Each structure stands twice: as structure tokens, then as C-alpha cells.
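Each ligand, and each atom within it, is numbered from 1 in the order the structure gives. What you see is a predicted model, and the numbers here were worked out from it, not measured in a lab.
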Amino acid sequence: DSNNNTAAGGGSENKLIVVGFSQVGAESDWRTANSQSMKDTFTEANGYKLIFDDAQGKQDNQITAIRNFIQQEVDYIVVAPIGETGWDTVLQEAKDAGIPVIIVDRMIDVAKDDLFYCWVGSDFRKEGDVAVAWMDKELAGKDEVKIVHLQGTIGSSAQIGRTEGLEAGEKAHSNWEIVAQQTGEFTQAKGQEVMESILKQTTDIDVVYCENDNMAFGAIDAIEAAGMKAGVGGDIVVVSFDATNAGLTMTLDQKINYNVECNPLHGPRVAKLIEQIEAGQIPEKLAYVEEKAFDAREMTKEILDARSY
Ligand code: GYE
């Protein structure tokens, strides 16, 4: 009864829900915003205890973290997976321990769907298609469109979907050609390094398709260092993804021509899923976040100021 609970120093009504969260790393502004959203949401004031693990870009670290969460008997395991594959064994262990697993952001590819409870994130293929639809209009009438493709972390859903979109676009346009395709690991430093080396081989480039804002920043630095101009009215059209505050700043500055939004504020979405499960409801298995895209020529200071991350 409630007296006993009080005497024990905390009744069941005060009990915190323990969430173990395995995060990818800190490779980008998007990721930083995503981590912050989780930390801001899963606070003691909101009834949670968050165990946050940064895997530093290594799936092995994520698997170790998940095993530690199982050992600690957390109430929920939340995973932002690096790659799509290789999760079956450890998720079976979580299932055997009776701990619900929620996947957030990127998707996983497992043999049995019941190895995770539910997922919330973005439709990355759609994001790629949105970028390609813009390129189709923007570049119409050009004889040849030479595209440099900076990919994200190979094997991550964000990379797979955005790459599929561009490759389908290339197939659908006989005058489009991907002249270079390389990963920049979703980081600014790698994006710059890869773009620099590509520019040493050729400057005959119409578009650089960057699978996130940070790689776009690196690519723009490389383009400018080579004495060329990036963006609206420049030598190379820049297409990017995420539309973070820093990314939209570069879009307002006309250096990124087109920026496809990817929303990182998943904390409240995951909390809502947990609340549903706690209330005995079964949440939707897959929940896609609605997203927009921004053309530099339609960008405003108001849009930028409204972007909190
Ligand atoms: O686009 C990129 C980050 O998985 C959607 O990961 C996420 C991607 C995001 O590093 O900036």
C-alpha cells in the first residue's frame, strides 16, 4: 500500500523508467541535436533515468552497450543503429530478457520483425527522391550533368536511401552521370578531404550531392580553396540533407542550393512510444516523420531563426 511505498523511500508512482540509449556517435550537427533531444526528454523530472552510451561510430560498441543494458535490467533499450545489419543475435538476447527495444532514426534489417518493438525515423529514400526531383527541374536543359556524390556512412539507412534516390535519378536521365562516388562518413573533415582529392582529378563538375550538411560544408570549403564558387550562380550546385541551423545558414547564404530536411528531434517521439507501451497500447510498428525541403532562392531569415538545432 502507499504507506509501505513511502516508507521504502519512493512509491511505485515515483519509480523512474530506466532507458538505455545506444547512440551512433557525434559525427554531425544532426547527431548532436539528436543526442540533445534524447537528453532533454529523458530527465528525472519527466520520470526517466537515461543511460546514454556513445558508440563512437562502432557497431561493436553498440552491441556491448546493449548487452550492458540487458545486464542492468533496464526497462527499455533504445538504439540509433549505425548500420542496418548484424543485429539479430543481440536483439534476440534483449527479447529473451523481456526488454522492449525501440529503434530510432536509421532502420535495421533483421530476419524476424519481432526482434524490435517499433521504430521511428525518416524516409531516407523519399528524401533522396525529393532532392532528385529538384535537380530534375533545376538542371533541365543542360546537355550534360556531371555529379559528384559524397555518401554517408556506408550501410546506414540514411546513406542507402539517399544513394538509391540519386542512382535512380541517374538511371532516369540519360544526360546525368555520377563521375565520382565516395563516402565522407557524414563528417565535415572527411567531406572536405574527399572533395579536395576529386577536384585534383577533375573540375568538370556540375553538382555535388552531399548526403548531409557537414559533408556539404567540407565540400564547399574544398570548392572555394580550388578557386571555384559553390551555390547559387556559382560553378557547382550543392545539394544537401539535414537542414540543420548551420545547414540552413549556408542555404540562406546561397552556398547550398537545396537542402532536404531530416528531423533529429526524436526524444519526444520515443517518449510517446514508451508512454503508449506503459499504458498497455501497441504503438505503430513503423512511424515516419514528415519533412520539408528548402530552396536557397526561397530561403528567409525567419525560416532560419525558427530552426532550433
Ligand atoms: O543525416 C547525418 C547523421 O542518420 C539521419 O546521420 C541520420 C544521419 C544524418 O550523421 O547527418
Side-chain angles (χ1 to χ4, degrees), residues 21-38 54-59 61-62 78-85 87 102-109 116 119-131 149-166 182-192 194-195 208-220 238-251 256 258-267 269-270 286-294 307-309:
F21 175 47
S22 170
Q23 175 62 294
V24 168
E27 72 283 0
S28 66
D29 294 333
W30 190 100
R31 190 64 54 195
T32 305
N34 178 244
S35 293
Q36 197 57 49
S37 173
M38 296 295 283
D54 178 335
Q56 304 187 327
K58 296 194 184 76
Q59 186 171 12
N61 290 345
Q62 293 204 287
V78 180
V79 183
I82 295 168
E84 291 193 344
T85 57
W87 297 105
I102 297 172
I103 308 294
V104 64
D105 167 24
R106 302 171 185 172
M107 206 9 175
I108 57 171
D109 183 3
F116 65 99
W119 167 88
V120 61
S122 305
D123 187 337
F124 303 113
R125 172 62 200 266
K126 188 171 162 199
E127 291 174 355
D129 290 344
V130 166
H149 180 193
L150 299 187
Q151 297 176 289
T153 304
I154 301 299
S156 69
S157 309
Q159 176 271 314
I160 294 169
R162 293 166 190 168
T163 292
E164 280 176 0
L166 180 63
Q182 224 175 302
T183 182
E185 309 282 0
F186 281 133
T187 70
Q188 176 163 352
K190 196 79 201 289
Q192 178 171 351
V194 170
M195 192 64 187
V208 58
Y209 179 99
C210 310
E211 289 185 0
N212 81 345
D213 281 339
N214 293 84
M215 294 193 296
F217 306 153
I220 291 165
V238 181
V239 174
S240 184
F241 295 84
D242 284 355
T244 56
N245 187 289
L248 287 183
T249 300
M250 294 294 256
T251 313
I256 292 175
Y258 195 63
N259 207 332
V260 180
E261 179 177 52
C262 182
N263 190 306
L265 305 181
H266 291 314
R269 298 185 185 111
V270 174
L286 307 177
Y288 290 93
V289 177
E290 280 297 317
E291 291 164 340
K292 294 188 287 231
F294 303 91
R307 175 78 11 146
S308 61
Y309 51 88

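Annotation for ligand 1: atoms under 4.0 Å from non-hydrogen atoms of Arg31 are 3 (C), 4 (O), 6 (O), 7 (C), 8 (C). Near Cys262, with a cut-off below 4.0 Å to any heavy atom, the atoms of ligand 1 are 5 (C). Under a 4.0 Å criterion applied to the non-hydrogen atoms of Phe124, ligand 1 contributes the atoms 5 (C). Using a 4.0 Å cut-off to heavy atoms of Asn212, the atoms of ligand 1 that qualify are 2 (C), 11 (O).
Residue-to-ligand polar distances place Ser28 within reach of ligand 1: an N/O pair is separated by less than 3.5 Å. On a distance-only criterion, Trp30 and ligand 1 share no N/O pair closer than 3.5 Å.
Side-chain atoms of Thr85 and Asp109 include no donor-acceptor pair closer than 3.5 Å.
Ion pairing between a basic and an acidic side chain is recognised when a charged N comes within 4.0 Å of a carboxylate O; Glu261 and Arg307 show such pairing. Between Arg162 and Glu127, at least one side-chain N (NZ, or NE/NH1/NH2) sits under 4.0 Å from a carboxylate O, which counts as a salt bridge.
Annotation: side chain of Val120 is in contact with side chain of Arg269 (closest heavy-atom distance under 4.5 Å). At a threshold of 4.5 Å between non-hydrogen side-chain atoms, the residues Val208 and Val239 do not count as touching. When side chains are defined from C-beta on, Asn263 counts as touching Glu291, because their heavy atoms get closer than 4.5 Å.
In the displayed structure, Lys126 atom NZ is contacted under 6.0 Å by at most 12 heavy atoms of other residues, nucleotides or ligands.
Among protein heavy atoms, the minimum distance from atom 10 (O) of ligand 1 is reached at Glu27 OE2, 2.4 Å. Summary of contacts: the protein heavy atom closest to atom 7 (C) of ligand 1 is Asp105 OD1, 3.4 Å.
The option from Thr153, Asp242, Thr32, Val104 that lies nearest to atom 11 (O) of ligand 1, judged by heavy atoms, is Asp242.
Heavy atoms of Arg162 come nearer than 4.0 angstrom to ligand 1 in at least one pair. The closest approach between Ser122 and ligand 1 stays at or above 4.0 Å for every heavy atom of the residue.
Phe186 and Phe241 have their aromatic ring centers separated by at least 6.0 angstrom.
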